[in-house]
Amino acid sequence: MMGPAEVFVALFVVGLPVLLLMLIANRWFRLREKKLDVEATLAAEKAAQYASRSNELEQRVRVLEQIVTDTGAETAAQIEALRKPRIARSTNGDDAAA
């Protein structure tokens, strides 16, 4: 049968290393969790950048599709419609200056 001193020594010899291992494992898991949080944040930022770039490219493709499928007469009419306000503004500006 073991006396109180032997039980104390056995607990000290077995318990202290177990306690130290538990503390080390706890710190390692917390560090690993922080690393995963940082990686998740970076991945989310990259995903947002890719989504933004994807939207820009989709808009450009839509414009190109419209240009390709548009007839020349419609495009010419739109260009002329954009020129008319400039001509009207320049003649109005000349009248106001005179």
Side-chain angles (χ1 to χ4, degrees):
M1 194 156 114
M2 294 176 52
E6 293 172 339
V7 170
F8 180 74
V9 170
L11 286 175
F12 186 76
V13 169
V14 173
L16 188 61
V18 169
L19 182 64
L20 288 174
L21 284 173
M22 286 176 54
L23 290 174
I24 290 170
N26 187 19
R27 292 196 73 170
W28 185 81
F29 283 122
R30 280 190 285 154
L31 176 65
R32 184 71 183 145
E33 185 177 357
K34 286 182 182 180
K35 284 183 180 180
L36 289 174
D37 286 341
V38 168
E39 289 175 4
T41 303
L42 291 175
E45 289 175 3
K46 282 187 178 182
Q49 289 174 352
Y50 289 141
S52 173
R53 183 68 178 150
S54 176
N55 287 337
E56 292 173 11
L57 292 174
E58 284 179 16
Q59 290 173 354
R60 293 179 76 180
V61 168
R62 284 187 192 118
V63 169
L64 291 173
E65 287 175 345
Q66 183 181 5
I67 291 170
V68 169
T69 58
D70 197 9
T71 63
E74 290 176 18
T75 305
Q78 288 177 354
I79 292 171
E80 290 303 319
L82 291 173
R83 286 185 185 164
K84 287 180 185 178
R86 288 187 197 157
I87 294 170
R89 275 186 265 154
S90 66
T91 58
N92 290 340
D94 291 340
D95 293 340

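- In this structure, Phe8 stands alone, with no Ile, Leu, Val, Met, Phe, Trp or Tyr side-chain heavy atom under 4.5 Å from its own, directly or through other members.
- The side-chain contact (heavy atoms from CB on, under 4.5 Å) check on Val7 picks up Met2, Leu11, with sequence neighbours excluded.
- Val61 shares a hydrophobic cluster with no other residue; no ILVMFWY side chain has heavy atoms under 4.5 Å from its own.
- Legend: residues meeting salt bridge (charged side-chain N to carboxylate O under 4.0 Å, His left out) with Glu45, ordered by chain and number and at least two apart, are absent.
- Among residues at least two apart or in separate chains, side-chain hydrogen bond (donor to acceptor under 3.5 Å, both in side chains) pairs with a member in residues 46-56 are Arg53-Glu56.
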Pair up each side-chain donor or acceptor in residues 19-41 with any protein partner under 3.5 Å, not counting sequence neighbours, and list the distances.
unit_1: Thr41; atom_1: OG1; unit_2: Asp37; atom_2: O; d: 2.9

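- Through direct or relayed side-chain contacts under 4.5 Å between Ile, Leu, Val, Met, Phe, Trp and Tyr, Val13 connects to Val9.
- For the salt bridge (charged side-chain N to carboxylate O under 4.0 Å, His left out) test, residues two or more places apart in sequence or in another chain that qualify with Arg62 are Glu58.
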